[in-house]
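Worth knowing before you read on, the calculation uses all heavy atoms, side chains too, and leaves out hydrogens, waters and symmetry mates. Both counts, for ligands and for their atoms, begin at 1 and track the order of listing.
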Amino acid sequence: MTKKFDPVAAMADSRHEFGEHGGVNLSIEASTTFTVMAADEMPKIFRGERGPFSMQARNATGGCYLYGRNFNPTVYTFGRMLASMEGTEAGYATASGLSAIAAVLMQYCNSGDHIVASNTIYGGTFALLKEFFPLKTGVTTQFVDLSDIAAVDLALKQTQAKVLYIESIANPTLEVADIPTLARIAHLHGAALVVDNTFAPMILSPVPLGADVVIHSVTKYISGASDVIAGAVCGSEAFIYSLMDLHVGTLMLLGPTMDPKIAHELTLRLPHLGLRMREHSARALAFAQRLEERGDKVCYPGLVSHPQHELLARQMNDGFGFGGLFTLDLGTVERANRLMEILQNEHSFGFMAVSLGYFETLMSCSGSSTSSELTTEEQQSAGISPGLIRVSIGLTGSLEQRWAQLVDALQRVERPLGS
Ligand SMILES: *Cc1c(COP(=O)(O)O)cnc(C)c1O
């Protein structure tokens, strides 16, 4: 592969937005509506001749915005920062990750169109594709095993899918997608490759690797504090602007708008995202290695034993590690639950809660929580066993303190060999 993309350098190179009074941070545009200086400007905005996306508007000053659901400059600035991080032309932020996913897929697909998607995806996305879309929009999805490239190829060909939808690192199996190969075969069949990069911000840059659109649940690592539900879409200018189209834009018409105050707050968290990812990854790697040495059933893409370790090492950017999530298989749901209870209630190790990317450790039993939308068979085929705990490693406390807590809990739930 040629020179690797550097998201930190790319973000630093993008324009710094100053505040209205020369503040070092951008101001919040807290208006839902915008004036025009001449009355005859208004119809031009509605005709698309003036507005944030037309060439005239970029050269004009003032009076070219319409309404906050359509466009807000503060939300746009946050989107622009994310776009620079993802190496895309443009980006825009939404009220949640799932609304970003729904908006992107509905923008690509009309009633009767098809999607090919990975069979190991976030439970909410799975329900959206499997149940909601066929019922409400007539868009159907074929689910495939991404590691079987021939099966993906065949599914794209047979369905003439508009979109190949994947997660860069899958939830909760931590299976890594071969983005360049999947992009190539998607494009061969006229499909767009849409990648949910929630698990790997900074670590993977899907668009420089060949994808068309990147989606984030900003709720997770990008926020980093488990206090905000938010999402984002990064892609070409033409695609991002199509989402805001007054007649057929899914963001404009379905309205999952991000509040500019939230967008402003999130812009202050992006500068340390790289540092946070590095620390999450370093800790997850240390834990995974030590667990593997102990003989525990641990899955982490940074371990040489992980089936796509080499693949991830080849694709990933330098300096951010292999991610902050690992899974630990305790065999049964009873043992998994006991372990988590000890870790939360008797130690300060972390919390039994869904979600990820928080500065504290979050643990959940995937089969009975975030992947419970999948049937038992679907869980089995996706490699989700009943005792599988997904751990999103936090940043607090010392590594040795946390490791001692984990070992203590593991020793207490351990049974005699062979049982
Ligand atoms: C959480 C999550 C989503 C949904 O995002 P929300 O912000 O909760 O709407 C989508 N994809 C992945 C991989 C997630 O982890």
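The 12-atom threshold is exceeded at CD of Gln401, counting heavy atoms of other residues, nucleotides or ligands nearer than 6.0 Å. Residue Phe46 qualifies as open at atom CZ: its count of foreign heavy atoms under 6.0 Å is 12 or below.
Residue contact check: Leu98 has heavy atoms under 4.0 Å from atoms 4 (C), 5 (O), 6 (P), 9 (O) of ligand 1. Each of the atoms 6 (P), 7 (O) of ligand 1 lies under 4.0 Å from some heavy atom of Thr219. Ligand-side atoms of ligand 1 in range of Phe199: 13 (C), 15 (O), range being under 4.0 angstrom from any heavy atom. Distances below 4.0 Å separate heavy atoms of Gly97 from the following atoms of ligand 1: 5 (O), 6 (P), 7 (O), 9 (O). For ligand 1, the atoms closer than 4.0 angstrom to any heavy atom of Ser96 are 7 (O), 9 (O). In the vicinity of Ala230, heavy-atom distances shorter than 4.0 Å reach the ligand 1 atoms 7 (O). Close approach of ligand 1 to Leu356 is summarised as follows: ligand atoms under 4.0 Å from at least one heavy atom of the residue are 15 (O).
By the 4.0 Å heavy-atom criterion, Ala100 is excluded from the residues contacting ligand 1. Under the 4.0 angstrom criterion for non-hydrogen atoms, Ile101 is in contact with ligand 1. For Ile215, the closest heavy-atom approach to ligand 1 does not fall below 4.0 Å.
By the 30° and 60° cut-offs, the orientation of the rings of His309 relative to Phe322 is parallel.
Comment: Arg290 engages Glu400 in a salt bridge, judged by a side-chain N to carboxylate O separation of less than 4.0 angstrom. A salt bridge is defined here as a Lys NZ or Arg NE, NH1 or NH2 lying under 4.0 Å from an Asp or Glu carboxylate O, and Arg269 with Asp227 meets this definition. A salt bridge is absent between Glu131 and Lys136; no separation between the charged side-chain nitrogens and carboxylate oxygens falls under 4.0 Å.
The shortest N/O to N/O separation between Ile229 and ligand 1 does not fall below 3.5 Å. For Asp196, a nitrogen or oxygen atom sits less than 3.5 Å from a nitrogen or oxygen atom of ligand 1, counting backbone and side chain alike. Considering both main-chain and side-chain atoms, Tyr122 never comes within under 3.5 Å of ligand 1 through any nitrogen or oxygen pair. Checking only distances, Ser217 does come within under 3.5 Å of ligand 1, N or O to N or O. Close N/O approach between Glu167 and ligand 1 is not found [any backbone or side-chain N/O within under 3.5 Å].
A donor-acceptor pair under 3.5 Å is absent between the side-chain atoms of Glu346 and the main chain of Ala409, judged by distance alone. His216 places no side-chain N or O within 3.5 Å of a backbone atom of Ala232 that could act as its donor or acceptor partner. When atom types are taken as modelled, the side chain of Glu86 and the backbone of Thr88 share no donor-acceptor pair closer than 3.5 angstrom.
Contact annotation: the side chain of Ser281 approaches that of Tyr300 to within less than 4.5 Å [non-hydrogen atoms, C-beta and beyond].
For atom 14 (C) of ligand 1, the closest non-hydrogen atom on the protein side is Lys220 NZ, 3.0 Å.
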